[in-house]
Structures are given as C-alpha cells and as structure tokens.
Amino acid sequence: MFGWEFPPYNSGGLGVACLGLTKALSELGLEVLFVMPKKLDVQTPWARMIFADVEGVSVRAVDSALKPYVTSRGYGRREGSVYGNNLLAEVRRYAALGGEIAREEQFDVIYAHDWLSFGAGIAAKRATGHPLIVHVHATEFDRCGGALGINPEVYEMEKEGMEAADVIIAVSELTKNIITREYGIPAEKVRVVYNGIDETTAPKGSGALPRLRVLKASGYRLVLFLGRVTLQKGPDYFLRAAKRVIERNPHVLFILSGAGDMDDQVMHLAAELGIGGHVFFTGFLGGADRHEVYAAADLFVMPSVSEPFGITALEAMRQGTPVLMSKQSGVSEVVRHALKVDFWDVDEMANKILSVVGYAGLRQALAENAAQEAELLTWTQAAQKVGGIVHELVR
Amino acid sequence: MKSVCFYFQVHQPYRVKRYRIFDVGNDPEYFNDRGESNLNNKKIIEKVAQKSYIPTTRLILELLKRHPGMRVSFSFSGVALEQIERYAPEALEFFKRVIETGQAEILGETYHHTLAFFYSPAEFEAQVGKHRDIIRRLFGTRPRVFRNTELSYRNDLGEWADKAGYAGVVAEGWDPILGWRSPNYVYKPKGAANVRMLLKNYRLSDDVAFRFSSRDWSEWPLTAQKFAQWIGSAEGDTVNLFMDYETFGEHQWEETGIFDFLEQLPDELAKNQGIDFKTPSEVIASYEPRDEVDMPHIVTWADTDRDLTAWVGNPMQKAAIENIYALENDVHLANDHKLLEDWRKLQTSDHFYYMCTKWFADGDVHAYFSPYESPYDAYIAYMNALSDLRLRLGKRLPAPGRA
C-alpha cells in the first residue's frame, strides 16, 4: 500500500484515512505493507512500514504546510515541510522507487492513495504484474474548487493512475461522478467506499477546553469551523453566515480553526464584515485540542464548496456535537442526523445556525442521534468493502 | 351473520412552509407555500383529489347504487374538509352525494386532527364542537361514533365519549391488549356505561392499505376473491377495515389495480354466505359486546410500539408540543380569530410526525411520509413559525442564546 502521510505526521483526512483503513484491514486478516516516500518515525503494530528513501533525511514535524492538499503551485512557496520544496519532483522520485520496492517484497495486490502515490503504484504494477487499486480521496477539481486553475501535470498523473488501475475506490458518489465525468473513466470501474470513524482515529474528547468553558459559562454559544482555510472548504461562506447570525443574536461566537492559503483573506473579511469581535482564529489545531474543540462547540459547520468526503463532520458527530454540512459533500450522502445546506445559501446557513442556537430541542435531538449514528459508520465497515474488492482481484 | 365495516380516514394537514428565522416578525402566513415543493397545500389537495378522492368516491357512489346493502363510513378532519371545499369543490360534491344515499356514516373527531385530548381537555371539547358544526353544515348529519386522532385511545377517552352521548368509539385492535380475544367483536370500554368499542382489524386492513402492491409479499397479487375468502373465514361478528382514504389512488396507484379490487369486492363478498356490510353504528346496534377492554395507557395505530412515540418521542417533538399548548391562555386572551386558527392549525398531529427520528437512521425512510428534507428541517420551520405566533401574541421571544 502506497501512501504519503500517516499520523502523527499528517495534516488532514488522508493520513487519518490511511490509519483507520490499515488497522481495520489488518483486523480482518489482511496483511498490510505500508510504504511512504521518506523515513518518518511512524510505527504501528498492525502494518509493517517501509520507507522509500532511507538515506539521511532529517525528520521534522509537519507544521502549517499541508502538503497533499495545497496545489503544487502553493506548495512551492512553503518552507519547513517534511518533503522537499518541489512537490512534483518528489512525486516522480517516489514513483521511480515504487518499482524497486515492489520487486523486493511479497504481496498480492497493490494499493495507492491519491495522485501523490499513483506513480509508485503504476511502477509497482509494471514491475510485478499484480493488480492495482487506486483510492481517490480527492481530485484536483476539489482542491481547486472547480476546473479553473487545475494543474495539468497533476491532472495527468491522476488520470494515468485511474486508467492503470484495475479498480478505483472513490470516497463518495460525488467523487465517483467527478472521476467518470472529468477523467473519462467508465462508471463500472469505480466503487464507492465511504470513510469511517472509530476510537483509533478519533478518541473521544474530555470536554471543553478551559478557555472555551469560560465563554460558554457566560452565556455564549460556540459555532465551529475546522479545516484547511482554503477555497475548497468555504471559510468565507462561514463568515458571511456568521454576520447574519450575529445581527440577530449577538450571544453567538464563531471559532475558525485551521490554516491555509486564505488565512489573510479571512481575517480581512471578518474585519470588513464588522464581526471581528465575534470570531476567534485559532490557527491549526492537532491532537487532543482538536477533539476537545469539537466537544466544546454547540455546532460544527462544514461549509465546503467541494468535499469528496469530509471526515471532520464524523469527528464532530462522534463527540456528540450537532453538525451542519454542505450538500456538496460526500459525507452528506451517508449521514442522516445532520443539518444540510447548499454552501452558497448563506441565509439558510444562518437560519440553521440560529435554530440550533435558539432551540434546545434541536440541539439535543441532533447531538443524541449524531453520536449514535457515528458509532455505526466504522472503519471496519469500510475495510470489509475494500477486503471484498481485494479478494475479487486475487481470485 | 358476519359484517364488514369500512371506515376511511380523510385528512390533509396545513403543512408549514419553509419558514426561516428571518421571516419571524415579517410574515404571519405559515401555510401558504405556492411553489413546486410538497409543502404547497393547494397543489397537494388538487393532486390528491384528482388521483384519489374524485375517482374513488365516484366509484363508491356507483357501487352503493349497484349494491343497496353496501355500507361505508368516513372520518373527515375539519382541516381537510376546509381545504377540499376551497381547492377541490368537485370532490366535496361527490362526498355529499355519497352521504345522501343514506348508506354512509360520518364519524366524529377533532376539527384540527390534534392530540388535544391528552394536552388540554377544554381545547379538545372546542375542536370536537367545531368539527360537529362543519359536518352539520356540509352534510347535515351528526356523528354518533367517535374516532380520536391517530386512533389514539386511553380509558378516559371512552369515559368522555360515554358522557358525551356517543354510541361508540374506535381504536386499534392491538394484540398485547386483546390477548386471546379477537378484534372482530364489539367490546365495552372499561369505565364506560353505554358506549361501545370497535377495534381495527389491522392485519386485514394493512393487507390493503400497505401491502396491496408489494411484490415482496407472498400473497401478492391480492385479488378481491382471495380477500373475500379471508374475510369469510375470519372468526367473529364484524371485520373492521379502517384505512386512509388515500390508499385508493394515492398510496396505491391506479396502475396497481386497487380500483378494480374495490369494485369487485362487494360481488366477491356476496359469494360468501352470510356476509353483509354495516356502518359502525349498525354494527354496535346489531351485536352484543363480548367483553370489556382495558387500555390504561395510550394506544395508537403507529409502529410496532402502537404508542405516541412517533409523535412525541424525541426532544424536538416534546419541545414543539409543549410550546404550542403553553400558548393556550394567551391565545384566548388575544381574542383574534386568525391567531386562534393559526394556533390550532399548528396543533395538527402531522407536524409532530414529520419531526420523528425513530426510524430515520435505519434507512427505512419510507416508513414515514414527510414533505421535509429531514425531521430537523420540519422542526426548524415549525419552531420559527411558532416564534412568530408568540410575537403576534405580544410575547417576548426567549432570551437569545439561553434557550
């Protein structure tokens, strides 16, 4: 299995998905060999880790650079990341090593996560003739918020991976549609496997962070955005809805958690809208802080413009926090106990935020049902589907 | 002799439109959606009249002429009649002609199709009175048998009907209550002297209402001949077939053969010796009660629990129903006809049913008919409308952020 990041050296859903999936697959009796491009201090009892480049690379923790997610252009500007400054060069180097690793190891099926590792997957398939599964967590169209500004080289690598694959796994029907429409892949080659959530990937929080507890005690309601601050995630829609909410109910505070290429833009927007005093910018939150901020919030809002899945929605639900998600998300295809809204419908977003804030019955029903529903959406369920596909290919 | 007793429920609520918080204080109309959605009450009445009310009632009228011994009965909610009169007057004319045959009976219920019996006795009495008035005005009759909303029943309802002078009440023939007893007899409700109880034979009723077109069902296709044989072989004095009138043409489309089934049923029943049709009042007059039935807790037609949890089971439903009845005194003090009517229209049980999350998680979404995207959307529209009603009553909204 070729990946790119793995907790704790991850910055988003891809690493979390690799963690959840590999563990659940191993529990089903499938042996996973997980390959990453560079040596990192990662160990798991359930998957053997190998690193494509073991020569003297210094290992540093991931800071605000969000490698698999930024466009390659944005990536080049960042510093202090685990991988080199030229993302495309890194990806090519990884691809070249994929074939060598494949020749040295014993396995039956090749599995590659997202375009960063597709090249390695293709090389491994060429070297061994084993079947290839590619797992699409996001496409270039999602990262760019549409067809404008997509990187043609990235698009080509995605397309090559999809064409070389024996089976493509998409994280939602939404993503499957993009794969068939934008990459010309026949629908019967694409299977949908939704992501899951469990204690391994999202330990239940211990409750509110102390500072947030003080705010809540003084009668404020907290509404949370958590995600990369990029066009794809819709932080600007979040702030515009916040403006409408605050006009009506000043006892609501908005927390914007995360970092990204729109950091400056959203801070300016908050000031421009005159709601600076009601919005808190926390920067990137990781680890326990992340789960505690979910637990502290009265409502988690995921206003994504284009969201292949949206695992943060499940993370919030797991903490028993009501969720308002955009209909332009894969997770909205499986989750029933959440509020849903078109990302562009700022008025309806504000209407629903105000309703959750104002009506205790709604908060309570959403919280109880969401927590129950999150228990049912497990990685084991996802791994069973993946396992089924693996067995089909090996037979 | 054994009787078949048909009772059809005719009800349509005033669905609350997509009412946003920003409409509170600006828009006092909650039920006037005129768009393409299923919240457009006018459009729904017109559609259901064309697909169900008009063709079914036309057929029944013809059958009643063809078979002088045939009987049917109806329970109309006042809010349905009001809307039918306004948006589908042709359907109302057919109903009137059926009642004029003298072969049909009309049951009593609450005008606004509410659960007021369990929340406000005074309000309940007022709604029953209002219903009596519209039945007199449109059909010139007075109901003698009472049916409470959602077939909900508790011993004190029987006691109330007894004192109010009704001949009978209807309820669900639920096995855990009946035990070894059959629903196919007349019973005496516990605590009542003269009133009698008729119980729905839910198996045979649901064979028509729910399973008729289900190809997964081992008995599919259900023919009139087969169904008549089942009735013929049932034990007891009366087989009470209670169902939504929309079963014919709306829940079961014309293409399923439901109209042919209805048309053939009287002939097929006639082939079985000793079966006749009776209205609820005739059944009560013809058969002696076999036993006393005790229902100390609320029994309804719904779900496998047959209780009220489909309406008031979750925190949203409880909050909504408590909030609406909490306004009773203020509404009466306001002494404003439109306010009173809006308040009562918001009591209709369907609103609470749309908020049910019970089976929502099982993927069994078809178990609940709802015009809303989710139970949460139903609740938001309802509570926002209720907030506006509170404003109109001169009440302050709950303190922001503290509710």
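In what follows, chains carry the letters A, B, and so on, assigned in the order in which the sequence lines appear, proteins first and then strands, with residues in each chain numbered from 1. What you see below is based on every heavy atom in this structure, not just the backbone, and it leaves out hydrogens, waters and symmetry mates. All values reported here derive from a predicted model rather than from experimental measurement.
Heavy-atom pairs under 4.5 Å with chain B peak, among A:R244, A:K352, A:E368, A:K340, at A:R244. Ranked by heavy-atom pairs under 4.5 Å with chain B, the list A:L354, A:V335, A:V356 is led by A:L354.
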Kindly indicate, with the supporting measurements, whether the criterion side-chain contact (heavy atoms from CB on, under 4.5 Å) is fulfilled by A:L324 and A:M349. CA-CA 8 Å; A:L324 168 58; A:M349 208 183 286; 3.8 Å; yes

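One finds a salt bridge joining B:D342 and B:R392 here, because a Lys/Arg side-chain nitrogen approaches an Asp/Glu carboxylate oxygen to under 4.0 Å. Between A:D298 and A:K216, at least one side-chain nitrogen of the basic residue sits less than 4.0 Å from a carboxylate oxygen of the acidic one, meeting the salt-bridge criterion. Taking the charged nitrogens against the carboxylate oxygens, A:K327 and B:E373 do have a contact shorter than 4.0 Å, which makes a salt bridge.
Using a 4.5 Å cut-off between heavy atoms, B:N323 does not touch chain A at all. Only the side chain of B:Y379 has a heavy atom closer than 4.5 Å to any heavy atom of chain A. In this structure, no portion of A:Q372 lies under 4.5 Å from any heavy atom of chain B. Both the backbone and the side chain of A:L362 come within contact range of chain B, with heavy atoms under 4.5 Å apart.
Defined by atom type and a distance below 3.5 Å, a donor-acceptor pair is present between the side-chain atoms of B:D377 and B:S374.
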